Number of protein chains: 2
Amino acid sequence: MEEVFVEDGAREDDQLLPAFNDDHGGVIVELKEPMEPDNFHSRLKASLFQWKLQGKKGVWIKIPIGLANLVETAVKEGFGYHHAEPDYLMLVTWIPVIDSTIPANATHRVGIGAIIVNDKRELLVVQEKNGRLKGKGIWKIPTGVIDQGEDIFAGAIREVKEETGVDTEFVELLAFRQMHKVFFGKSELLFLCMLRPLSFEIQKQDLEIEAAQWMPLEEYAAQPFTQKHSLYKYINDLCVAKLEGSYTGFTPRPITSCFNDSISYLYVNKQDLTRRVLSPN
Amino acid sequence: MEEVFVEDGAREDDQLLPAFNDDHGGVIVELKEPMEPDNFHSRLKASLFQWKLQGKKGVWIKIPIGLANLVETAVKEGFGYHHAEPDYLMLVTWIPVIDSTIPANATHRVGIGAIIVNDKRELLVVQEKNGRLKGKGIWKIPTGVIDQGEDIFAGAIREVKEETGVDTEFVELLAFRQMHKVFFGKSELLFLCMLRPLSFEIQKQDLEIEAAQWMPLEEYAAQPFTQKHSLYKYINDLCVAKLEGSYTGFTPRPITSCFNDSISYLYVNKQDLTRRVLSPN
C-alpha cells in the first residue's frame, strides 16, 4: 500500500488525514496518535472532500480503543460501523452514489465436534457445566469453538486435549452443520471430526466440564436425548458407519496460494480422488 | 430473559441501568434512549458495583450507533469492544478474577465457488472487474460471499444467477478450503459446489463481472494459471471426477434442533450413509 496526500504544509486544522489506498479504489485511515475531536473533525471533513474529488469509493477508518473519544465524530460525518475487535473499531463510508461493494463482516464462527472411539467401541463423552444442557445429565461428544486463525483439524485436537486430557490425531471430517442465529444473529459451522485416540486416561477440565468418560457406543445411542435430537442420532450413525469402514468423509490436503507462500487446506474426499487418479479410466 | 433490578426509587444519578440476565451468569444492557454521558457514567458505575455484589460474570453493553457519544464512557470504565454491526457496537467486560469464558466474535466469512458444466462439457466461467485477478485475462468459476443467515446451497444458486444470469439447482458440495488472514485478519471457508444448469443464456452482471462464457473444460484446464494454482487444478480434477461419476461429496440434509423448531442443514456423504442403512451388514 502506498501512502497518499499527507500535506505537511497545510494549516493544522486543514491538514488531511494520512491514508493508504486499498486494492478496491478506496482508502484506509489508521488512527494512531491521540488528537482532539475538533481537530479530527476538521481534518476528516477536508479529507472526505479531497477523496470525493479523487473518485475514491470506500473510506475506512480504524480507531484503536484508546481513541474511543473520536468515534462519535466519525459517526456524525456519516460513517457506519463495519466490525470491531477487542482493541479497535473499524468504521466505513461509501462515497459514490452507485452500489456499494463494501465487503461483509465475518458471519460465522466455526465449531468442532470430536468423535473419538477407543478399541472397546467406547465413545469419549462429556457433560457440560454451562449452556443449555447444564444439569440435564446428557452425555455428548466434546465440542468447542476454534480460535481466530486456527485450522479445523488443529482446533479439534486442541479442544479434546483441553476438555478431557486425551491426546488424539485427526482422521477425517465426517460431516458439518450450518446453523443460523446461534449468537448475536451470527451463524455457526459445526464440523464433525473423527479423531484417533493416542492416550486414554481422562483428566477433565474443571471450568467447563462437569464429567467425562469413555461410554459404550450403544449406551450413547440409547440415551433418550440421542433418539430425539437428529444431530445426536447422525453422530451415532456416522460413527458406526465409519467404524464399519463404509463411510468416507473429507480429508485436508495442503494447497498453496498463487498470491503468497502461505499454505491453506482443501478438505476433499481423498479416497475418491486418489482412486480416480490411480485407475486408468 | 427476565429483567432485573431496575430501581425506580433511586436518585437519578444513582439509578441502575436496565439489564437482562443471559444464560451464562452475566447481564446484557441494551441502551435505547439517549442520555448524557455523565448520567450514563454514574449509572454504569452504580450498576457495575451491584453486579459485582451479585456475582455476575460477563457484562454486555449494546450501544446503537445513534448513541455513539456513550462509547468513550464505557471504554473508560474498562469495557472492551466485542463486535460491531452497521447499526450497533457491542462492548463487554468480565467481572470475576477467574478465566473469562466470553464467547469469541465471528471469525470466518463463507464463500462459495460454483462448478457448473453443460452437456457439451463446457464450464461456466467469468473474468472479474476487481480484485487480484483484474485485467489478467484469467477465466475462473463464479465465486461470491454468502449473506448473513443464508444457507450455503442457496448462496451458491443466488451468486451464479446474479453474476451470470444462469439458473441452477444444487447437486453436491465437492470440497472446501479454509484460509486465514483473508480480510481484516479474519478467515474464509470457501465451499466448492457443483450445480446443475437449468438455463444456458448468459447475462453478465456489470458491476463486478468483466466477461462470462461457457468454456470447454479442456481449455479451462489448459490455462497456465490453472496449471500453476493448486486450487484451480483441484477444481478441474473434482469436476472431471464428478462428471465420470467417480466422486462423492456432501449433500445437505435438513435436521431440526431439540431447542426450537428451526431447521438447519447437515452436509454428509449421503450415498455412503444410505448404502449402509439399506444393506443388512
Side-chain angles (χ1 to χ4, degrees), chain A residues 24 65 68-69 71-72 75 80-81 83-86 89-90 99 103-110 130-132 145 148-149 151-152 175-180 183-184 186-187 189 207 228-231 234 237 241 246-250 255-256 258-259 264-269 272-273 275-276, chain B residues 23-24 65 68-69 71-72 75 80-81 83-86 89-90 99 103-110 130 132 145 148-149 151-152 175-180 183-184 186-187 189 207 228-231 234 237 241 246-250 255-256 258-259 264-269 272-273 275-276:
Chain A
H24 305 275
I65 192 160
N69 62 323
V71 171
E72 187 186 0
V75 171
Y81 300 145
H83 69 277
E85 291 298 323
L89 174 62
M90 182 72 88
D99 304 65
N105 192 358
T107 50
H108 287 63
R109 74 176 177 198
V110 174
N130 298 298
R132 287 165 158 176
V145 175
Q148 183 77 61
D151 289 312
I152 292 165
F176 68 88
R177 179 190 66 178
Q178 186 191 24
M179 194 174 196
H180 302 301
F183 69 114
F184 304 122
K186 301 276 184 179
S187 307
L189 281 158
L207 187 62
K228 196 179 130 204
H229 191 33
S230 32
L231 181 64
Y234 265 114
D237 290 351
S246 62
Y247 187 87
T248 310
F250 285 174
I255 57 173
T256 51
C258 55
F259 299 112
S264 54
Y265 291 90
L266 186 74
Y267 290 73
V268 294
N269 182 332
D272 280 3
L273 259 197
R275 189 192 301 137
R276 186 187 152 265
Chain B
D23 287 343
H24 304 275
I65 192 160
N69 63 323
V71 171
E72 186 186 0
V75 170
Y81 300 146
H83 69 278
E85 292 298 323
L89 174 62
M90 183 71 88
D99 305 65
N105 192 357
T107 50
H108 287 64
R109 74 176 177 200
V110 174
N130 298 299
R132 287 166 158 174
V145 175
Q148 183 76 61
D151 288 313
I152 291 165
F176 69 87
R177 180 189 66 178
Q178 187 191 25
M179 194 174 196
H180 302 301
F183 69 114
F184 304 122
K186 301 276 183 179
S187 306
L189 280 158
L207 187 62
K228 197 179 131 204
H229 190 34
S230 31
L231 181 64
Y234 265 113
D237 290 351
S246 62
Y247 187 87
T248 310
F250 285 174
I255 57 173
T256 50
C258 56
F259 299 113
S264 54
Y265 291 91
L266 186 73
Y267 291 73
V268 294
N269 182 329
D272 281 3
L273 258 198
R275 188 191 302 136
R276 186 188 151 264

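Reminder, nothing fancy here: chain letters follow the sequence lines and each chain counts from 1. Keep in mind that what you see is a predicted model, and the values were worked out from it rather than measured.
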- Note on the structure: In this structure, OG of A/Ser264 is separated from CG of B/Leu231 (nearest 0.5 Å) by 7.5 Å
- Task: State, with a plain yes or no, whether a side-chain heavy atom of B/Lys186 is found less than 4.5 Å away from one of A/Gln148.
- Result: yes
- Query: With only heavy atoms counted, which part of A/Phe183 is less than 4.5 Å from chain B, the side chain, the backbone, both or neither?
  - Reply: side chain
- Message: Is B/Val75 close to chain A through its backbone or its side chain, or both, or neither, when contacts mean heavy atoms under 4.5 Å?
- Response: side chain
- Query: Pick from A/Glu85, A/Arg109, A/His24: which one has the most heavy-atom pairs with chain B under 4.5 Å?
  - Reply: A/Glu85
- Query: Parallel, tilted or perpendicular: which describes the rings of B/Phe184 and A/His83, with under 30° parallel and over 60° perpendicular?
  - Reply: tilted
- Query: Can you name the nearest heavy-atom pair linking B/Asp272 to A/Ser246, along with the distance?
  - Reply: CB-O, 3.5 Å
- Task: Specify which of B/Val268, B/Val71, B/Ile65, B/Ile255 makes the most heavy-atom pairs with chain A at under 4.5 Å.
- Result: B/Ile65
- Query: Is the closest side-chain heavy-atom distance between A/Thr248 and B/Thr248 below 4.5 Å?
  - Reply: no
- Query: What option among A/Gly149, A/Gly80, A/Ala68 has the most heavy-atom pairs under 4.5 Å with chain B?
  - Reply: A/Gly149
- Query: So, does A/Asp237 use its side chain to make a donor-acceptor pair with the main chain of B/Leu273 at under 3.5 Å?
  - Reply: no
- Task: Please examine the side chains of B/His108 and A/Leu189, heavy atoms only from C-beta on, and report whether any two atoms are closer than 4.5 Å.
- Result: no
- Query: Between A/Gly249, A/Ala106, A/Ser230, which shows the greatest number of heavy-atom pairs under 4.5 Å with chain B?
  - Reply: A/Ala106
- Message: For a side chain to side chain contact (heavy atoms under 4.5 Å, CB included) check, start with the C-alpha distance between A/Asp151 and B/Gln178, then their side-chain angles and the critical distance, and finish with the verdict.
- Response: CA-CA 7 Å; A/Asp151 289 312; B/Gln178 187 191 25; 3.5 Å; yes
- Message: Between B/Tyr234 and chain A, with a heavy-atom cut-off of 4.5 Å, which part of the residue counts as in contact: side chain, backbone, both or neither?
- Response: side chain
- Message: Tell me whether the rings of A/Phe176 and B/Phe250 are parallel (<30°), tilted (30 to 60°) or perpendicular (>60°).
- Response: tilted
- Taking all non-hydrogen atoms of both residues, which atom of B/Tyr247 and which atom of A/Asn269 are closest, and how far apart? OH-N, 2.9 Å
